[in-house]
Structure formats: C-alpha cells, structure tokens
Amino acid sequence: MGQTIICNHPLIQHKLGILRRKDTGAKEFRELVTEIAMLMGYELTKDFPLEEVEIETPMGKAHVKSISGKKVAIVPILRAGLGMVDGFLNLIPAAKVGHIGLYRDPKTFKPVSYYCKMPEDITNRQVIVIDPMIATGGSAIDAVTELKNMGVTNIKVANIIGAPEGIEEFHRVHPDVDIYVCSVDEKLNDNKYIIPGLGDAGDRLFGTK
Ligand code: PRP
Ligand code: URA
C-alpha cells in the first residue's frame, strides 16, 4: 500500500499557517507556495540513491557522493500545480517539466482532461506530480493514471493540503504510489472543498477571484 508521508518540518507548518489565512494576498500566497514546495522537495528526495564516484580536488583524488537514480521529471497539474514548479526546480534545476491540464467540473466534481505534454523520455524518469490540493482525489488519480498509461513506473505525488477522503481513494486506486502532504485536513464540504483548507488554490495563486 502506498504511504502518506506528512511533511512536518516547523518551517513548512509555519508557512502553511500563513498560506491558509484569508487575508494573505496573491503575491505572498505565490511566494509561500514556492517556499513550501522547495521544503517538500527536500523531504521527497530523501530516499534518492547515492553512489560513490572518484573526482579530483585541487589537492588530489577524493571519493564523493553523487545521485545515481533516475533523472527527474516534475509534472504540475494545471493550473494550481504551476505554483509549485519553481520551488522544486530550485532544488532539482536539471529536472524536466511535463504538464497535465485537468479541471474539476463544478457540477460533477469529476476531473476533465484538457492538456498533456510530457518530456520524450518520461518513462525513464522519476516523476513527481505536484498540485497544492488533493480533495476528492479525482485529479491526482487521473494524472497518475495518464502517466502509467504512457509507461511511467516511478511516481511520487506532492500536495500541500489533502482531504482524508481523497487520500484514501488515491491509495485505493494507486496502491504503489506515495503521497507527500503537509496537512491532512478534517473533511470535504458539500462542494468538495477542503475544510478548513485554504479555499481555491488556483484562484488564490493567479488572482482570478
Ligand atoms: C484544484 C486543485 C486540484 C483539484 C483537486 O484544481 O488544484 O487539481 O482541484 O480536487 P480533486 O482532488 O477533487 O480533483 P481545479 O480543478 O480547481 O483547477 P485549477 O487548478 O485550474 O483552478
Ligand atoms: N480545489 C481547491 O483549490 N481547493 C479545494 O479545497 C478543493 C479543490
């Protein structure tokens, strides 16, 4: 079964508290999402394998560590996932970036797919799917299904806030994929928004409401 890993670092939790506030404006919201994403990237890469390589310092030979696993692709779920891209790229600057466009139908709450563009070598990469919110789980589930259908085998998901219902459903459908999340909130409301959550992440990032 996939794991839910809670990113409990004090800096993450402090920044999340500010992010949730209704009086946090778009500029600060964007900055906080970038900072939280970067700190989440630190947690999420903790199990990346290392190998020993020989290099030359100005003083002679040395054995040093080098990351030996697959190269990384970061895959934001549009729109709100875009807010987390820079944070991850700050840590893994050589990563490639794929995009999956999904929006939640306001009546059915089911994700509707409208875009998908991946790096050509996506199947050889460790893929990190990013999206600030996992509510019903539908968007994250469909994004991971699309990636698996392309042949991707190594996937991790990073969400800032999750609802218990969506996380449980995600693990039921994709038992081989771990989720990194900063908070598992209380529940979903009747409109499938996370309570207490932070409202609509896309609208808050881009100032569309
Ligand atoms: C939000 C969020 C997730 C999705 C989560 O996106 O960024 O992608 O909802 O909900 P789910 O778990 O129930 O699928 P939204 O559909 O509002 O699109 P946007 O990012 O374009 O605003
Ligand atoms: N999407 C959001 O942006 N926020 C929620 O609470 C649920 C879905």
- [ ] Specify the closest pair of heavy atoms between Ala95 and Ile74, including all atoms of both residues, with the distance to one decimal.
- [x] CB-CD1, 3.7 Å

Are [X] and [Y] close enough that some pair of their side-chain heavy atoms sits under 4.5 Å apart?
X: Asp121; Y: Thr123; value: no
X: Phe170; Y: Val144; value: yes
X: Met84; Y: Ile160; value: yes
X: Glu186; Y: Ile194; value: no
X: Arg20; Y: Asp185; value: yes
X: Val181; Y: Ile161; value: no
X: Asp178; Y: Val157; value: no
X: Ile100; Y: Lys117; value: no

Closer than 4.0 angstrom, basic N to acidic O: yes or no for [X] and [Y]?
X: Asp131; Y: Arg79; answer: no
X: Lys27; Y: Glu31; answer: yes
X: Lys107; Y: Asp105; answer: no

Task: Audit row: Glu165, Lys192, side-chain contact (heavy atoms from CB on, under 4.5 Å) steps and yes/no - done: CA-CA 10 Å; Glu165 299 91 321; Lys192 308 293 182 201; over 6 Å; no

Using a 6.0 Å cut-off, check whether atom [atom1] of [X] has over 12 heavy atoms from anything other than its own residue.
X: Asp190; atom1: CG; answer: no
X: Phe109; atom1: CZ; answer: yes
X: Glu120; atom1: CD; answer: no

Task: Hydrophobic cluster identity match, Leu16 and Met38, side-chain contacts under 4.5 Å - done: yes

Open item on the list: Quick check for you: to the nearest 0.5 Å, what is the distance between Asp176 atom CG and Met1 atom CE?
Closed with: 10.5 Å

Looking only at side-chain N and O atoms, does [Y] offer a donor or acceptor that is under 3.5 Å from a partner on [X]?
X: His63; Y: Glu54; result: yes
X: Thr208; Y: Asp203; result: yes
X: Arg204; Y: Thr24; result: no

Open item on the list: Tell me whether Arg104 forms a cation-pi arrangement with Tyr114, defined as NZ or CZ under 6.0 Å from the six-membered ring centre and within 45 degrees of its axis.
Closed with: no

Task: Any donor-acceptor pair under 3.5 Å from Thr45 side chain to Phe48 backbone - done: no

